[in-house]
Amino acid sequence: MKTILLNSIKQALFSLYSIDDKSIIISIEKTREGFTGDFTFVVFPILQFSKKKTEETANEIGSYISKQCDIISSYNIVKGFLNISIKNNIWISELNKIFFSKEEKTENKSTVMIEFSSPNTNKPLHLGHIRNNLLGDSISRIIEKDGNKVIKVNLINDRGIHICKSMLAWIKWGNGATPESTGIKGDKFVGDYYVLFNDKYKKQIEDLIKEGKTEEEAKNAATLLLETRELLRKWENNDTEIIKIWNLMNSWVYQGFEITYKNLGISFDKIYYESQTYLLGKSVVTEGLEKGIFVRDTDNSVWIDLTNEGLDRKILLRSDGTTVYITQDIGTVLKRFEEYNPDKLIYVVGDEQNYHFEVLKKIISKIDPENSEKIKHLSYGMVELPDGKMKSREGTVVDADDLIENMIQTAEEISETSGKINELESYEKNEIIHQIALGALKYYILKIDPKKQIIYNPKESIDFNGNTGPFIQYTFARIESILKNAEKLNFNYNFKLSENIKLSEIELKIISELLEFKNTIHEAAEKYNPGIIANYIFELAKNYNQFYHDNNILKETNRDILHLRLILSKQVSITIKESMNLLGIKVPNKM
RNA sequence: GGUCUGGUAGCUCAGUUGGAUAGAGCAACAGCCUUCUAAGCUGUGGGUCAUAGGUUCGAAUCCUAUCCAGAUCACCA
């Protein structure tokens, strides 16, 4: 419909003022609230070609297209704005089209690999990780829905000096305790030992300073740190005893993560472990050295000089030959292109690493220029508390499991008061409450533009009214209830709507929104922004609620109008379900 | 200090790539349940779009400077 209109305008411009596509970008937009019309064409840019007055130009275009194009019912002009109204029956025929068109399976346009989550095995998941997980999961769904093949990957940070800290603490002070013996969730259990290590280490340093050492000396002399380093050496030399403990502790963590992932409804196609990838980049660096991309310093460390490109010098191999963070990233990038040859490789990582990814792209561009352009860093703002950053060491962390548990409790209370699902079986009730709790949480996080930071105030609970997940779920449940009651009317949905119905303003608005669904998905996929989907559903649900309030659908006596309203409702419910699914949110039939 | 990101109603956020009178939701206030689910609907109040210049028919949107907040610039990851 929009394309027909656009083409007609293009034709008008060409035949009236000989303007072709290339000399100017022609676009139409939705008519603003408060003005008559469905679409608006701004004529100001045309004046330089028409050399006529604004009104006159607008009039010429208006009368040309309304003769040419038979979907137009009327037009009006306000200043330089040409407002065009579309015939009523065209809207209905468009609704017929989307309702009866079978979901065409689009061929996979391209293959997109998305890395997200990437947890550290020392730290239980907190609200920051939740944002990462939800963004990664949602954007995967959106890109897939937009017609691409998506591979979701997770790279678990399971090695390094920090992992040795919790291992050392457990060996020294754990007395053989396990998550089973203590009843603590696996990832929390290990996380506690990490905290314990830091406490003891801090104390040791304080003691050393009291003995008269400087802070610097104390840090190097602390036996705990020396022992940790020794542990790391043993690990890297494949010491069987250490590897055994490492495997054991990791298995606890993974059991814990599994529960949280399941609660969040998140899964991966492939899981990488850093312990298996951390050596990858080394050979690439050696090759690069020979080609002169990298340089070796006098102390034997290897660097890349990016000062010409506005960045700094960056180390790639330490003087002792070991790799750093970015070295393994170089390796995994190249390996992924080799194994899967994705058209895009997206990293969902916080904006604190913007610089890291800038450097990574630059480095790859020197080794493999073609693929470097396919790397995309989906950067998002940190989640912070009103008084600053969450710090696991200081205990100012909003724990993922606790937060989910809180949400479930609130959902339960609200549901209890409303009493609408009280008579259900408890397993069914719990399922619905879980859906609502997670709907509220996910929507709350995802509706915000990823690049903005979120300040989460634990004292103000996440809302269940207004622009929220539950509001949309509620709208869906209401529609489902209507459709269920409508079954008694034995309505046959399989014939097309009569096009002679006069649509109300709100009906027209809803139809026009339904028509935008596909474009919205595409836009969200292009911009890597689930918030666009969230805003879209909210608008749709809000308008539907107004429509619901204004019309008693099932009491309508005119069969044609009843038919229209049922199909409209059904299409809205389908659209809500699909778009909520893009945010990873389930919608209940009752609530 | 250099670089990057953000600053829109008391609070949380939109603003379709430069268009008309800047919009929602919370919170406040006033209404609406004998009628398909009131987690809903309707209405009222609330703004120097951080500030100052510039670009043009037209700026919250583009440019420059300044202020505020955050991130980053490691032989950490």
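Naming: A, B, ... by sequence-line order, numbering from 1 per chain.
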query = Under 3.5 Å, is there a donor-acceptor pair between the A/S569 and A/Y548 side chains?
reply =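 A/S569 vs A/Y548: no donor-acceptor pair found between side chains.
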
Between A/N545 and A/T475, is there a side-chain donor-acceptor contact under 3.5 Å, judged purely by atom types and distance?
yes

When A/N83, A/T31, A/L13 are each screened for side chain to side chain contact (heavy atoms under 4.5 Å, CB included) with A/F41, the one that passes is A/L13

Could you check whether atom CD of A/E505 has more than 12 heavy atoms from other residues, nucleotides or ligands sitting under 6.0 Å from it?
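Check fails, neighbour count at 12 or below.
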
TODO: Find out whether A/L316 and A/I363 are in side-chain contact, i.e. whether some heavy atom of one side chain is under 4.5 Å from a heavy atom of the other.
DONE: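 Yes; the side chains approach each other to less than 4.5 Å.
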
For atom [atom1] of [X] and atom [atom2] of [N], their distance in whole Å:
X: A/K362; N: B/C4; atom1: NZ; atom2: P; result: 12 Å
X: A/I454; N: B/U12; atom1: CD1; atom2: C1'; result: 10 Å
X: A/Q353; N: B/A77; atom1: CD; atom2: P; result: 11 Å
X: A/M390; N: B/A71; atom1: CE; atom2: P; result: 13 Å
X: A/N485; N: B/U37; atom1: CG; atom2: C1'; result: 10 Å
X: A/L540; N: B/A24; atom1: CG; atom2: C1'; result: 15 Å
X: A/H549; N: B/C36; atom1: NE2; atom2: P; result: 12 Å

Checklist line | P spacing across the pair B/U5 / B/C49, given as an integer number of angstrom | finding: 23 Å

For the P atoms, the ones on B/G40 and on B/C4, what distance do you get once it is rounded to whole angstrom?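 Those two atoms are separated by 43 Å.
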
Can a donor-acceptor pair under 3.5 Å be found between the side-chain atoms of [X] and the base atoms of [N]?
X: A/D463; N: B/A27; answer: no
X: A/K555; N: B/U35; answer: no
X: A/S418; N: B/A38; answer: no

Given [N], is OP1 or OP2 found less than 4.0 Å from the side-chain N or O atoms of [X]?
X: A/K452; N: B/G7; answer: yes
X: A/N535; N: B/A24; answer: no
X: A/K420; N: B/A39; answer: yes
X: A/K79; N: B/U21; answer: yes

Its glycosidic angle compared against 90° from 0, B/U64 adopts the form anti

Anti or syn - B/C49, cut at 90° from 0: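 The base of B/C49 is oriented anti (glycosidic angle more than 90° from 0).
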
Classify the nucleic acid contact of [X] as base, sugar-phosphate or nothing, counting any heavy atom under 4.0 Å across all strands shown.
X: A/I436; result: base
X: A/K590; result: base
X: A/Y444; result: nothing
X: A/Y325; result: base

Looking at B/G40 and A/Y474: do their rings stack (centroid distance under 5.5 Å, interplanar angle under 30°)?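 Here the ring of A/Y474 and the base of B/G40 are not stacked, as the 5.5 Å and 30° limits are not both satisfied.
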
Is there aromatic stacking of A/F44 against B/G58, centre distance under 5.5 Å, plane angle under 30°? no

Base-pairing assignment for B/U44 (Watson-Crick or G-U wobble, both under 3.5 Å)
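In the structure as shown, B/U44 has B/A28 as its Watson-Crick or wobble partner.
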
Is it the case that the ring center of A/F538 lies less than 6.0 angstrom away from the ring center of A/Y443?
no

